[in-house]
Protein chains: 2
Amino acid sequence: MPTMTASQRRARAKDEFDAFLASCPSRQLLDVVANKWVCLVLAALADGSLRHGELRTRIAGVSQKMLTQTLRELERDGLVTRTVTASVPVRVDYELTDLGRDLQQVLQGLKDWAERNMAQILENRAAHAALS
Amino acid sequence: MPTMTASQRRARAKDEFDAFLASCPSRQLLDVVANKWVCLVLAALADGSLRHGELRTRIAGVSQKMLTQTLRELERDGLVTRTVTASVPVRVDYELTDLGRDLQQVLQGLKDWAERNMAQILENRAAHAALS
DNA sequence: CTGTATCCCCAGAGATACTG
DNA sequence: CAGTATCTCTGGGGATACAG
């Protein structure tokens, strides 16, 4: 029964391959931090806990949906804590855990690099566009 | 003429807002490095130049299309150089520029962090899943 | 070997409206 | 205020075929 066998084999191979990839630590971290909003939330929380609404204000451009979604991920991964204060209205604070703060330090390195070298990159980009 | 005015205002506001955001250096860098393939290519080139095909082999899972596309971006931004050796068959080598090497150093910090702490994150994730 | 051109699909992200 | 639930739609990215 050759029908579909080729594509099935490919699908199978791909699955095994994906499983292999999924076991690489740095790729796993990439899946977490190679995400705009994750980086921005961690940066926003760098200097203290913030409420949901404060985060929304600080991180210009984030939709309410993406913010909540990102916070859920970070909470699940033990990078931020979520504290609910039962009052009216409800108050929810988010704060970096030790692990989260540690990761943020590393990300801060990236931010510093950006501030030092982004201009150069833009310059290269412009030069490249000019002669093309 | 109130018709469409509200949505037009919103669209206008969004454009201005996007323009504002686009001027932030760290966000600009995020647009570059918050990309799986960019990180992986830079990592692959960390210890020397590689040919197109070698990159393809080293970076498991990258499609030919995404590899070329990523390399074009990196070249445009002055992070890698592309050297064509006219022969049969053609040989093309890619190598980090000084700027690219510098950025890679910072990214390496992320990789190191991943190797140290990814297990902890996975543990947190599992614990969180267990009690939900 | 290296790279371009096409087609196509679906996950991701925004918009909107509603609940505790 | 904080969060959930849907709907929609685009564009990123894989597969494929072809070219220098």
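Everything quoted here is computed from the prediction, not taken from an experiment.
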Exercise. Can you sort out which residues in residues 73-80 of chain A have a heavy atom within less than 4.0 Å of DNA chain C? Ascending by number, please.
Key: none

Exercise. Could you check which residues of residues 83-91 of chain B get a heavy atom under 4.0 Å from DNA chain C? Sort them by number, please.
Key: B/P89, B/V90

Self-check item: Net bend of the helix from C/dC1-D/dG20 to C/dG20-D/dC1, end axes of five pairs each, nearest 10 degrees
Solution: 50°

Quiz item: Counting heavy atoms not belonging to B/R58, are there more than 12 under 6.0 Å from its CZ?
Solution: no

How close do [X] and [Y] get, heavy atom to heavy atom, and via which atoms?
X     : Y      : result
A/R27 : B/A60  : NH1-O, 3.1 Å
B/D77 : A/R125 : OD1-NE, 2.7 Å
B/D93 : B/S49  : OD1-OG, 4.1 Å

Quiz item: Of all residues at least two apart in sequence or in a different chain, which pass the side-chain contact (heavy atoms from CB on, under 4.5 Å) check with A/N124?
Solution: A/Q120, B/L99

Self-check item: side-chain contact (heavy atoms from CB on, under 4.5 Å) involving A/V88 - partner list, sequence neighbours excluded
Solution: none

Review item, nucleotides 9-13 of chain D N/O atoms under 3.5 Å of protein N/O:
{"unit_1": "D/dG13", "atom_1": "N7", "unit_2": "B/K65", "atom_2": "NZ", "d": "3.0"}

Quiz prompt | Whole angstrom value for the distance that separates C1' of D/dG3 from CG of A/L55 | solution = 14 Å

Exercise. Would you indicate which nucleotide in D/dC1, D/dG3, C/dG3 comes nearest to any side-chain atom of A/R51?
Key: D/dC1

